[in-house]
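Please read the structure below before turning to the comments.
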Amino acid sequence: MPKAFYVTTPIYYVNDKPHIGHAYTTIACDVLARFKRLDGYDVKFLTGTDEHGQKVAKAAAEKGVTPQEICDLNSQTFRDVAKNLGISNDDFIRTTEPRHIAACQALWKRLEENGQIYLDKYAGWYAVRDEAFYDEGELTKGPNGEKLAPTGAPVEWVEEESYFFPLSKWQDKLLALYDANPDFIGPKSRFNEIYSFVKGGLNDLSISRTAFSWGVPVPGNPKHVMYVWIDALTNYITGLGYPDESGEMAKFWPKTDPVALHVVGKDIIRFHCVYWPAFLMAANLPLPRRVFGQGWWTVEGQKMSKSLGNAIDPNALIEKYGRDQLRFFLLREIPYGNDGDFSEAAIAGRINGELANAFGNLAQRFLSFIAKNLGGVLPEPGPLTDADKELLGACRSLADQCREAFERQAFHDALEAIFVVVRAANGYVDVQAPWALKKTDPARMSTVLYVLAECTRHLAILMQPFTPDATAKLLDQLAVPEGERTFAFLGPDHALKGGATLPAPQGVFPRYGDPPKAAGKGA
RNA sequence: GGCGGGGUAGCUCAGCUGGUUAGAGCAUGGGAAUCAUAAUCCCGGGGUCGGGGGUUCGAGUCCCUCCUCCGCUACCA
């Protein structure tokens with residue numbers, strides 16, 4: 001039975017406009033999903049939109065439309081971006097869907113049955129904009145003496161009946177969970193933060209609201225709707241068919257040896273690492289395996305913000321740089337988990353220096369040589385020299401290096417390992433100099449060209465998760481059948497066969513900033 | 001204030017439990033090659049490893065202290 005892997009993005013709030021941060025998370029998950037599929041796993045990849053809450057209701061009222069209309073419209077923009085990014089999600093969850101409402105209510109009832117919900121009164125300073133309560137001490141004074149949240153949002157005193165989740169009782173269980181699973185939270189710095197947060201004691205959580213109605217109704221008390229985190233976090237099991245616990249639930253949310261990975265922004269790590277496991281334990285449900293909190297991007301050194309209006313539409317970036325190029329850049333530029341800066345100079349440097357000059361040109365230089373000198377027929381290799389074996393050996397050890405890096409979501413390490421080999425391959429071409437062998441030793445020339453092709457096959461297969469479009473074209477040019485592009489086909493047993501006719505080579509990674517080639521060339 | 005993580009070549013970073021002349025990529029200088037998307041390859045310059053003290057035969061790597069940056073968290077008259 002194939003191993004299972006479940007990966008999720010956060011659900012994106014429909015009140016937001018898609019920006020580079022959303023694209024980043026979604027791309028990271030997509031690369032993970034593609035990698036695991038290629039490695040033979042049974043993969044489920046879920047993304048979607050978070051559609052409830054007061055802000056949506058308010059926005060709808062302002063525009064004179066229903067909340068559902070706003071949700072439909074904005075949810076679609078997130079779907080469109082995902083499609084444009086080449087995202088391979090298996091499902092797209094919307095929290096306004098009946099299946100999700102059913103799942104939330106089922107989870108709620110289960111918590112209730114387990115004595116994990118109680119009714120009380122909540123009073124405090126509430127900021128509509130943040131959808132959060134603040135302590136008196138956290139507030140600051142605005143220019144007119146009004147009270148403001150630390151985020152700058154205006155607050156109002158709210159007193160209302162609310163259901164509560166006894167989070168405070170789960171402190172020990174959570175600490176035990178972290179102790180037993182030190183990789184439950186990545187990167188390590190986030191683990192430390194969460195651990196010390198929980199160690200410092202937890203307050204019970206208010207999990208319902210009566211002030212607005214755009215949400216999942218609380219079973220048995222429709223005056224209340226569920227408050228954001230119960231609603232939002234539950235999406236991860238809605239997508240697996242919960243409350244039906246057979247089928248995908250059994251497979252991707254198993255009772256032992258969990259397989260789920262939640263990728264989230266560092267701003268919501270706490271909800272995923274503290275609240276979510278507490279809810280699940282309280283409902284006697286299994287847990288995810290790991291939560292990874294990724295960093296944030298600045299743009300040209302500037303923090304992205306609404307007021308600056310410098311958030312970039314991912315569609316514009318795809319248009320400008322290319323889909324594969326954007327995907328590659330975001331995962332290559334910085335160690336995953338760190339913050340990064342998106343700049344024209346940086347992405348142009350990666351595109352030209354690595355994709356075009358190093359990798360793309362490596363393929364082009366021997367493919368066009370084969371086309372011109374051997375009529376496009378992949379030659380048969382002769383005896384291998386030490387140099388040949390060394391290069392092929394480096395290619396063949398790459399898969400395990402990538403697997404190890406992917407276990408840690410260390411995309412940058414996987415890519416660095418790949419590019420070490422790319423550079424080695426370029427060095428090999430120069431040293432072997434097939435253009436000189438053409439006159440002195442054609443047989444040896446054939447072997448060199450073959451080794452380069454076989455090496456590039458490995459590189460292309462492993463690069464597929466990052467740059468799916470370009471590597472598909474490259475594997476076409478190596479005449480690798482579509483069914484033979486998974487990791488199972490890496491290694492000598494499935495090596496390229498001499499004598500194959502290769503299609504006319506064509507660059508797969510254009511330089512950025514070069515004038516476009518004459519139109520009409522196809523592709 | 002507490003906890004945690006950083007401060008290593010111009011830039012971004014790697015350096016596990018202390019041990020040969022401190023590394024990589026990019027940038028920069030020089031050279032080679034000409035198969036290739038004027039792409040590639042080789043060689044070089046460049047670092048008081050934040051400051052100071054200490055342990056050790058030996059410290060970027062351990063201890064103390066100070067400076068500084070960041071994250072989480074707490075609190076205040």
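Between the CG atom in A/Leu462 and the CZ atom in A/Phe466 there is a gap of 9.0 Å [rounded to 0.5 Å]. Summarising the geometry, atom OH belonging to A/Tyr24 is positioned 11.0 Å from atom SG belonging to A/Cys29; distances are rounded to the nearest 0.5 Å.
Among residue pairs with one or both ends in residues 376-388 of chain A, those qualifying as side-chain hydrogen bond (donor to acceptor under 3.5 Å, both in side chains) are A/Thr385-A/Asp388, A/Thr385-A/Arg444, A/Asp388-A/Tyr428, A/Asp388-A/Arg444; sequence neighbours excluded.
Straight-line distance between the C1' atoms of B/A27 and B/G47: roughly 16 Å, to the nearest whole Å. Comparing B/U55 with B/A14, their C1' atoms sit 27 Å apart, to the nearest whole Å. If you take atom P in B/U34 and the same atom in B/G25, they sit 25 Å apart, rounded to whole Å. Comparing B/A22 with B/G58, their C1' atoms sit 15 Å apart, to the nearest whole Å. As rounded to the nearest Å, B/G44 and B/G5 have P atoms that lie 38 Å from one another. Spacing of P atoms, B/C63 relative to B/U17, comes out at 11 Å, to the nearest Å. Rounded to the nearest Å, the gap between the P atom of B/C13 and that of B/G19 is 24 Å. Straight-line distance between the P atoms of B/G7 and B/G51: roughly 12 Å, to the nearest whole Å.
In the set B/C13, B/U37, B/A36, the nucleotide with an atom closest to the side chain of A/Asn338 is B/C13. For A/Asp430, the side-chain atoms get nearest to B/C41 when compared with the rest of B/A36, B/C41, B/U37. In this structure, of B/C3, B/G5, B/C35, it is B/C3 that holds the atom nearest to the side chain of A/Ser196. The listed nucleotides are B/C41, B/A39, B/C35; the one nearest the side chain of A/Asn426 is B/C41. Side-chain proximity of A/Glu193 to the nucleotides B/G5, B/C72, B/A33 is greatest for B/C72. For A/Asn192, the listed nucleotide lying nearest its side chain is B/G5; candidates were B/G5, B/U37, B/A39.
Side-chain atoms of A/Tyr450 do not come within 3.5 Å of backbone N or O of A/Lys497 as any donor-acceptor pair. The closest donor-acceptor contact from the side chain of A/Asn192 to the backbone of A/Ser189 lies at 3.5 Å or more, if one exists at all. Using modelled atom types, no side-chain atom of A/Arg485 and backbone atom of A/Ala460 make a donor-acceptor pair closer than 3.5 Å.
The separation between A/Tyr428 atom OH and B/C42 atom P is 15 Å, rounded to whole Å. When rounded to the nearest whole Å, the span between CH2 of A/Trp435 and P of B/A36 equals 10 Å.
The partner of B/A77 is absent, by the rule that a Watson-Crick or G-U pair needs both atom distances under 3.5 Å. Nucleotide B/A36 has no partner under the Watson-Crick or G-U criteria, as no pair reaches both atom distances under 3.5 Å. Pairing for B/G58 is absent, with no Watson-Crick or G-U wobble pair whose two atom distances lie under 3.5 Å. Using Watson-Crick or G-U wobble geometry with both donor-acceptor distances under 3.5 Å, B/U28 finds its partner in B/G44. As the counterpart of B/G4, B/C70 is assigned, both hydrogen-bonding distances of the Watson-Crick or G-U wobble pattern falling under 3.5 Å.
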Show me the protein contacts with nucleotides 22-26 of chain B, counting only N or O atoms at under 3.5 Å.
none

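Put simply, the side chain of A/Asn361 and the base of B/A36 share a donor and an acceptor less than 3.5 Å apart.
Both A/Gln364 and A/Val422 lie close to RNA chain B; mapped to their nearest nucleotides by heavy-atom distance, the more 5′-ward contact belongs to A/Gln364. With RNA chain B read from its 5' end, the first of the two nearest nucleotides for A/Phe359 and A/Arg190 is the one closest to A/Phe359.
Salt-bridge formation is detected for the pair A/Glu407/A/Lys36: a Lys NZ or Arg NE/NH1/NH2 atom is positioned less than 4.0 Å from an Asp or Glu carboxylate oxygen.
Annotation: cation-pi geometry satisfied between A/Arg332 and A/Phe419 (NZ/CZ under 6.0 angstrom from ring centroid, within 45° of ring axis).
Aromatic stacking is not marked for A/Phe369 over B/C35, as the cut-offs of 5.5 Å for the centres and 30° for the planes do not both hold.
Exactly one of A/Tyr227, A/Phe197, A/Trp229 qualifies for a ring-ring contact (aromatic ring centres under 6.0 Å, His included) with A/Phe271. That residue is A/Trp229.
Residue A/Lys372 places at least one side-chain N or O under 4.0 Å from the OP1 or OP2 atom of B/A36.
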